[in-house]
*Asks:* 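Sharing a structure, written as structure tokens. Questions coming.
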Amino acid sequence: MSRIGRMPIDIPSGVDVKIDGQAVTVKGPKGELGLTVAQPIRVALDDNQVVVTRPDDERDSRSLHGLTRTLIQNQIIGVTQGYSKGLEVVGTGYRVQSKGSAVEFALGFSHSITVDPPAGITFTVEGNNKLTVSGIDKQAVGEVAANIRKLRKPEPYKGKGVRYAGEVVRRKAGKAGK
């Protein structure tokens, strides 16, 4: 039995979970998220807890058991606390500034790059080199942060580029290092 999948999920106060067949809807103070559960997995409400079960020990059932439980747990955390990911812009002349709800990057190209937030995602700029991506959907927050990092990945010689907050960039010696 999956160690993660068999644990029940406690529903905090202020969160409403609705189960309609294979569709799970989580509604909380920050918003509403939905999930369609894969076929062999069953989800049930049991006195203020969500219980995820699997019908058999087939390979597909085992692989989806813990995943489904974690996705529902992430939705509950998302509608109560939300998720955020920090990004840092490192490099001479590299900066980020807010333009309304969008952000504009100067990353050493001949032009500036403007990034508009998708629905449910907000950008917060601190100073001219720190950006926070936040929202209620963990997957969407991570994907937007990864796409912004992809604009100019940190390079190994000087460490210039967009990196996650706290990310350690491995440095190389370069030509002069003997």
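Everything quoted here is computed from the prediction, not taken from an experiment. The residues of the chain are indexed from 1 along the displayed sequence.
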*Asks:* Are V162 and V168 linked, directly or through intermediate hydrophobic residues, by side-chain heavy-atom contacts shorter than 4.5 Å (ILVMFWY only)?
*Replies:* no
*Asks:* Return the CD to NZ distance between Q73 and K138, rounded to the nearest 0.5 Å.
*Replies:* 9.5 Å
*Asks:* Considering non-hydrogen atoms only, spot the tightest contact between P154 and V169 and give its length.
*Replies:* CB-CG2, 3.6 Å
*Asks:* Going through the checks in order, is the side-chain contact (heavy atoms from CB on, under 4.5 Å) test met by T25 and L33?
*Replies:* CA-CA 6 Å; T25 308; L33 291 170; over 6 Å; no
*Asks:* With a 4.5 Å cut-off on side-chain heavy atoms, are R54 and R62 touching?
*Replies:* yes
*Asks:* Using 0.5 Å steps for rounding, measure from the CD1 atom of I121 to the CD atom of E143.
*Replies:* 9.0 Å
*Asks:* Does atom CG of D20 have more than 12 heavy-atom neighbours from other groups under 6.0 Å away?
*Replies:* no
*Asks:* According to a hydrophobic-cluster definition based on side-chain heavy atoms being under 4.5 Å apart (Ile, Leu, Val, Met, Phe, Trp, Tyr only), do Y164 and V90 belong together?
*Replies:* no
*Asks:* Given side chains that start at C-beta, do those of S101 and T122 come closer than 4.5 Å, heavy atoms only?
*Replies:* no
*Asks:* Does any non-hydrogen side-chain atom of D56 lie less than 4.5 Å from one of P40?
*Replies:* no
*Asks:* Which heavy atom of L131 sits nearest to which heavy atom of F123, and what is that distance?
*Replies:* CD1-CB, 3.9 Å
*Asks:* Any side-chain to backbone donor/acceptor pair from R95 onto N128? Under 3.5 Å, distance only.
*Replies:* no
*Asks:* What about V51 and V24, same hydrophobic cluster or not, with Ile/Leu/Val/Met/Phe/Trp/Tyr joined at side-chain heavy-atom distances under 4.5 Å?
*Replies:* no
*Asks:* Mark yes or no for whether E58, through its side chain, and D60, through its backbone, hold a donor-acceptor pair below 3.5 Å.
*Replies:* no
*Asks:* Are V43 and M7 grouped together when hydrophobic residues (ILVMFWY) are joined by side-chain heavy atoms under 4.5 angstrom apart?
*Replies:* no
*Asks:* How about L151: does its CG atom have over 12 heavy atoms from other parts shown lying under 6.0 Å from it?
*Replies:* yes
*Asks:* How close do P29 and G14 get, heavy atom to heavy atom, and via which atoms?
*Replies:* CD-O, 3.7 Å
*Asks:* Quick one: pull up CG in N48 and CD1 in I9 and give me the separation to the nearest 0.5 Å.
*Replies:* 12.0 Å
*Asks:* Per the salt bridge (charged side-chain N to carboxylate O under 4.0 Å, His left out) rule, what does the pair list look like for residues 160-169, sequence neighbours excluded?
*Replies:* R149-E167
*Asks:* CD/Q97 to CD/E104 distance, rounded to the nearest 0.5 angstrom?
*Replies:* 5.0 Å
*Asks:* Do you know which two heavy atoms are closest between F105 and I148, and how far apart they sit?
*Replies:* CZ-CG2, 3.4 Å
*Asks:* Which atom pair, heavy atoms only, marks the closest approach of V133 to L87?
*Replies:* CG2-CD1, 4.1 Å
*Asks:* What pairs with K18 under salt bridge (charged side-chain N to carboxylate O under 4.0 Å, His left out), at least two apart in sequence or on another chain?
*Replies:* D16
*Asks:* Any idea which heavy atoms bring I41 and Q22 closest together, and the distance?
*Replies:* O-NE2, 3.4 Å
*Asks:* Are V37 and I11 co-members of a hydrophobic cluster defined by side-chain heavy atoms under 4.5 Å apart?
*Replies:* yes
*Asks:* Go through the steps for K99 and T114 under the test side-chain contact (heavy atoms from CB on, under 4.5 Å), then give the verdict.
*Replies:* CA-CA 8 Å; K99 296 274 187 194; T114 304; 5.5 Å; no
*Asks:* With a 4.5 Å limit on heavy-atom distance, are the side chains of V79 and E32 in contact?
*Replies:* no
*Asks:* Judged by atom type as modelled, is there a donor-acceptor pair below 3.5 Å linking the side chain of E155 to the main-chain atoms of K158?
*Replies:* yes
*Asks:* Between CG of L64 and CG of L71, what distance do you get to the nearest 0.5 Å?
*Replies:* 9.5 Å
*Asks:* Can you tell me how far apart CD (Q75) and OG1 (T70) are? Round to the nearest 0.5 Å.
*Replies:* 11.5 Å
*Asks:* Just checking, is any N or O donor in the side chain of T132 or E126 under 3.5 Å from an acceptor N or O on the other one?
*Replies:* yes
